[in-house]
Amino acid sequence: MLYEELKESYLQTLTALANAVEARDIYTRGHTERVCMMAQSLAAEMGWDEEKLWEVKMGGILHDIGKLGVPDAILNKSETLTFEEFEAMKQHPICGSKILEGIPFLAPAIPYVLYHHERFDGKGYPYGLRKDQIPLQGRLMAVVDTFDAMTSDRPYRKAKTFKQALDEIRDCAGTQFDPEMAELFLKTWENGKIDKRRLKMMKEAPAAI
């Protein structure tokens, strides 16, 4: 019981950190909650054990923690970022990993934080890793993070429908996404293991994590 109470305390702390990010990033309210839910669904479909599922939850909650180091003028800019601004934004995975470094309990979350913007074809950031160079955690997080970004409104574009985003996941398998992880996401979606109704409700009325 003490262990469960300690885990709950840790979870509350992680949630407070994630909420601090979303309080600054006005365009992505609810993003963390949705990404966390979808990431856990994929991990469960892969048969990961309870400990790994807990790590996925931590990674999902904290994947954007590095945005705390991004200036508000960049984070909430309503126009397309300049080259220099985008270069600054691309540092947020590294910033996030540095925030978590030295905290043993949070170490399992670092691969989710550091590698979720890497691409299977090597054109991602911050390191331009390719294929199996990208840890599995990063390949998993890349799919769910991108899906939620595509299906969310931004000041410079309207959200894609779920169907449009699923088609893009399918089309970008093997380039942007690990093809096996993309296939798993599509399978998990199609077999109802990702709660589409809950996801839609989260988007319509995003709440704290």
Side-chain angles (χ1 to χ4, degrees), residues 1 3-15 18 30-65 93 96-97 100 103-121 124 129-151 162-163 165-203 209:
M1 187 167 61
Y3 176 71
E4 291 301 320
E5 289 177 356
L6 182 61
K7 281 181 67 176
E8 182 62 28
S9 296
Y10 279 135
L11 181 60
Q12 290 172 357
T13 301
L14 302 184
T15 299
H31 170 73
T32 299
E33 181 186 21
R34 297 187 299 268
V35 165
C36 191
M37 185 268 282
M38 289 189 285
Q40 288 178 287
S41 296
L42 261 64
E45 191 72 4
M46 287 189 286
W48 289 9
D49 62 24
E50 186 175 345
E51 181 179 354
K52 286 292 184 183
L53 290 173
W54 171 251
E55 292 174 1
V56 172
K57 188 168 189 174
M58 284 199 302
I61 291 173
L62 293 172
H63 77 281
D64 272 339
I65 193 69
S97 71
L100 305 183
I103 307 174
F105 176 74
L106 299 181
I110 291 177
Y112 297 94
V113 174
L114 190 54
Y115 302 115
H116 70 281
H117 284 294
E118 298 288 355
R119 289 174 49 120
F120 197 71
D121 59 8
L129 302 179
R130 299 179 69 251
K131 299 184 178 181
D132 292 345
Q133 292 176 331
I134 308 167
L136 183 60
Q137 299 96 319
R139 285 178 269 151
L140 183 158
M141 190 59 60
V143 175
V144 295
D145 182 59
T146 304
F147 180 83
D148 190 70
M150 287 192 293
T151 55
F162 286 163
K163 182 182 184 304
L166 291 168
D167 287 343
E168 190 153 339
I169 295 288
R170 187 176 293 106
D171 292 343
C172 294
T175 53
Q176 184 172 355
F177 307 114
D178 175 344
E180 293 182 1
M181 195 60 68
E183 182 181 354
L184 175 68
F185 181 85
L186 295 169
K187 174 185 173 184
T188 306
W189 181 275
E190 289 163 4
N191 66 21
K193 297 295 180 64
I194 294 175
D195 191 335
K196 306 174 189 64
R197 184 176 179 182
R198 182 183 172 204
L199 191 62
K200 185 177 180 182
M201 290 173 62
M202 287 177 176
K203 285 186 172 292
I209 299 167

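Just so it is clear, the model here is predicted, and its values are computed rather than measured.
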What's the spacing between [X] [atom1] and [Y] [atom2] if we round to 0.5 Å?
| X | Y | atom1 | atom2 | result |
| --- | --- | --- | --- | --- |
| K131 | R119 | NZ | CZ | 13.5 Å |
| L62 | H116 | CG | NE2 | 11.0 Å |
| T151 | K200 | OG1 | NZ | 12.5 Å |
| M37 | D195 | CE | CG | 6.0 Å |
| M181 | R139 | CE | CZ | 6.5 Å |
| D145 | M150 | CG | CE | 10.0 Å |

Answer yes or no: does atom [atom1] of [X] have more than 12 heavy-atom neighbours from other residues, nucleotides or ligands under 6.0 Å?
| X | atom1 | result |
| --- | --- | --- |
| K163 | NZ | no |
| Q133 | CD | yes |
| E50 | CD | no |
| E51 | CD | no |
| E183 | CD | no |

Side-chain heavy-atom pair [X], [Y] within 4.5 angstrom cut-off:
| X | Y | result |
| --- | --- | --- |
| V56 | L42 | no |
| H63 | Q137 | no |
| R198 | M201 | no |

For a quick test of reading the model, state the closest non-hydrogen atom pair linking [X] to [Y] and the distance between them.
| X | Y | result |
| --- | --- | --- |
| T32 | G60 | CG2-O, 3.6 Å |
| G174 | F120 | O-CD2, 3.6 Å |
| S97 | I110 | CB-CG2, 4.0 Å |
| Q40 | L53 | O-CD2, 4.0 Å |
| A173 | P179 | CB-CA, 4.0 Å |
| V113 | P93 | O-CB, 3.4 Å |

Parallel, tilted or perpendicular: ring planes of F185 versus F147, cut at 30 and 60 degrees
tilted
Plane angle bin for F162 and W189 - parallel if under 30°, tilted between 30 and 60°, otherwise perpendicular:
perpendicular
Ion pair present between R170 and D167, side-chain N to carboxylate O less than 4.0 angstrom?
yes
Polar side-chain atom of E55 near backbone of P108 as donor-acceptor pair, under 3.5 Å:
no
Using the side chain to side chain contact (heavy atoms under 4.5 Å, CB included) rule, pick out the option among L186, T188, I194 that qualifies with E190.
L186
